[in-house]
Amino acid sequence: MAEHEELPAGAGQDAIDELNGIRQSIDNIDAALIHMLAERFKFTQQVGRLKARHGLPAADPARELQQIQRLRALAEEARLDPGFAEKFLNFIVAEVIHHHVAIAGGQPGVGDGQAPGAAIGVMPDSAIGAPAPAPATAAPAGPAS
């Protein structure tokens, strides 16, 4: 873990306490995001298995475009940069497509016993405190990129 930054001599205890409280809120949100991503990947794994069983393509450009438009609008409502929201979704969709391709090809590991999101470094609760896995190699971007 990184060392904490040096605080100026004039920073009072109240400021330090407030900073720590805000950081705790950020840490809680980060944890919630990770758990939500893991849950999302559980569902996208189901989609991948369904597509593989029925010979459907891994990517669905029309659905991806619809999602981008929807999330950009939600981002605007939430006063979040829509461009950032789109980049974030594109990153997730690229990983989902990578999983769907692997599932359809029967590649062991992804979608076949591996934890959802593992290819992007999402670890199960049992891995907390264990050494981090090596970073996954990025899949070539599909139509959603």
Non-hydrogen side-chain atoms of I92 and L37 separated by less than 4.5 Å: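 When only atoms from C-beta onward are counted, L37 and I92 do touch, with a gap below 4.5 Å.
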What distance do [X] atom [atom1] and [Y] atom [atom2] have between them, rounded to the nearest 0.5 Å?
X	Y	atom1	atom2	result
N90	L71	CG	CG	10.0 Å
I22	D17	CD1	CG	11.0 Å
I68	R63	CD1	CZ	11.0 Å
I29	I34	CD1	CD1	13.0 Å
I97	D60	CD1	CG	9.0 Å
L89	E86	CG	CD	8.0 Å

Under 3.5 Å, is there a donor on one side chain and an acceptor on the other for [X] and [Y]?
X	Y	result
N20	Q24	no
Q67	R70	yes
E39	H35	no

Under 3.5 Å donor-acceptor, K51 side chain and L56 backbone: no
Check: T44 main-chain N/O paired with H100 side-chain donor or acceptor under 3.5 Å: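 Present.
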Distance-minimising heavy-atom pair for A52 and A104: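 So the minimum-distance heavy-atom pair works out to CB-CA, 3.8 Å.
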Single-linkage hydrophobic cluster V93~L74, side-chain heavy atoms < 4.5 angstrom: yes
Linked, directly or transitively: V96 and L65 (ILVMFWY side chains, under 4.5 Å): no
Set of residues satisfying side-chain hydrogen bond (donor to acceptor under 3.5 Å, both in side chains) with respect to E76, sequence neighbours excluded: none
